[in-house]
Amino acid sequence: MPGDAGTSPFDHPCPIRDVLNRIGDQWSLLILQALTQGTLRFNALHRELGDISRQMLSRTLKKLEADGFVQRTLYPEVPPRVEYTLTALGHSFLPPLQALVEWADAHHLEICQSRRRMATPA
């Protein structure tokens with residue numbers, strides 16, 4: 001409970017802010033969306049996303065794994081094979097993710113037009 005001895009206010013962050021900070025970054029939603037097609041190896045995921053650096057992909061995957069959205073499986077082979085798949089938590093996020101993707105597709109043109117109007121001096 002917040003305020004208990006030995007706890008920090010950071011142990012109990014605002015749930016909305018905490019989750020949106022993670023999935024609202026530049027790459028997390030795109031990675032989760034790519035993994036909807038099933039288990040992918042690191043290089044396949046990298047190819048799927050295109051313009052993400054390998055370092056940023058690795059860093060974002062580690063964060064998604066730490067939050068429980070993604071499971072990383074390392075196979076003891078030479079060279080090592082690493083695969084990523086959505087966890088049950090990751091799969092539970094697919095309906096709101098799909099709704100967000102559909103909303104963005106439906107309203108992107110309108111948003112771009114609004115940005116252009118605001119950028120044009122009166």
Side-chain angles (χ1 to χ4, degrees):
M1 181 162 187
D4 286 350
T7 65
S8 160
F10 299 109
D11 292 337
H12 305 279
C14 170
I16 294 168
R17 187 178 315 135
D18 187 40
V19 172
L20 289 180
N21 276 342
R22 174 66 73 221
I23 62 166
D25 66 20
Q26 184 175 359
W27 297 107
S28 291
L29 289 177
L30 296 173
I31 290 170
L32 294 171
Q33 180 72 22
L35 289 172
T36 61
Q37 57 189 294
T39 300
L40 291 173
R41 292 175 71 171
F42 184 89
N43 287 333
L45 192 51
H46 186 253
R47 281 190 301 273
E48 181 74 24
L49 296 173
D51 56 350
I52 188 172
S53 72
R54 295 169 98 49
Q55 180 182 13
M56 182 56 70
L57 176 57
S58 178
R59 186 178 308 146
T60 306
L61 283 166
K62 285 178 185 174
K63 289 178 182 179
L64 290 170
E65 182 183 12
D67 284 348
F69 286 98
V70 171
Q71 178 181 332
R72 177 182 186 263
T73 304
L74 173 64
Y75 296 92
E77 302 171 352
V78 177
R81 177 170 50 113
V82 179
E83 293 181 341
Y84 296 89
T85 191
L86 293 175
T87 62
L89 180 65
H91 281 286
S92 75
F93 184 65
L94 295 182
L97 173 60
Q98 190 58 38
L100 180 60
V101 168
E102 290 171 7
W103 185 91
D105 283 343
H107 296 282
H108 188 245
L109 180 60
E110 181 181 350
I111 292 167
C112 290
Q113 289 169 342
S114 181
R115 287 176 185 163
R116 277 194 288 280
R117 280 194 303 274
M118 292 302 292
T120 305

**Asked** Can you list the steps and then say if Phe93 with Leu29 is a side chain to side chain contact (heavy atoms under 4.5 Å, CB included)?
**Response** CA-CA 10 Å; Phe93 184 65; Leu29 289 177; 3.7 Å; yes
TODO: Not counting sequence neighbours, list each pair that qualifies as a salt bridge (Lys or Arg N to Asp or Glu O under 4.0 Å) and has a residue in residues 49-76.
DONE: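 Matches after skipping sequence neighbours: Arg22-Asp67.
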TODO: Not counting sequence neighbours, list each pair that qualifies as a side chain to side chain donor-acceptor pair (under 3.5 Å) and has a residue in residues 90-101.
DONE: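 Of all non-adjacent pairs touching residues 90-101, those that pass side chain to side chain donor-acceptor pair (under 3.5 Å) are Gln98-Glu102.
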Which atom of Ala34 lies closest to which atom of Leu40, heavy atoms considered: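 Minimum heavy-atom separation between Ala34 and Leu40: O-CD1, 3.7 Å.
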Measure the spacing between [atom1] of [X] and [atom2] of [Y] and express it to the nearest 0.5 Å.
X	Y	atom1	atom2	value
Ser28	Leu20	OG	CG	11.5 Å
Ser53	Leu57	OG	CG	8.0 Å
Leu35	Leu86	CG	CG	5.0 Å
Phe69	Thr87	CZ	OG1	8.0 Å
Gln26	Ile31	CD	CD1	10.5 Å
Leu89	Leu94	CG	CG	10.0 Å

In terms of heavy-atom contacts, does CD of Gln55 have more than 12 from other residues, nucleotides or ligands at under 6.0 Å?
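No - once you tally the heavy atoms of other residues, nucleotides and ligands closer than 6.0 Å, there are 12 at most.
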**Report entry** Greater than 12 external heavy atoms within 6.0 Å of Ile111's CD1
**Finding:**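 Counting other residues, nucleotides and ligands, CD1 of Ile111 exceeds 12 neighbours.
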Original post:
Is a side-chain donor or acceptor of Thr36 paired with a backbone partner of Gln33 at a separation under 3.5 angstrom?
Top reply: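 Yes, because the side chain of Thr36 sits within donor-acceptor range (under 3.5 Å) of the backbone of Gln33.
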State whether the side chain of Ser114 and the backbone N or O of Glu110 hold a donor-acceptor pair below 3.5 Å, judged by distance alone.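 The answer is no, because no donor-acceptor pair under 3.5 Å joins these two groups.
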When hydrophobic residues are tied together by side-chain contacts of less than 4.5 Å, even through go-betweens, does Leu74 share a cluster with Leu45?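 Linked, Leu74 and Leu45 end up in one cluster.
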query: Are Ile23 and Ile16 connected, step by step, through hydrophobic side chains (Ile, Leu, Val, Met, Phe, Trp, Tyr) whose heavy atoms are closer than 4.5 Å?
result: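 Yes, one cluster joins them.
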### Message
Once side-chain hydrogen bond (donor to acceptor under 3.5 Å, both in side chains) is applied, do any residues pair with Thr60, and if so which ones, sequence neighbours excluded?
### Response
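Thr60: no side-chain hydrogen bond (donor to acceptor under 3.5 Å, both in side chains) contacts found.
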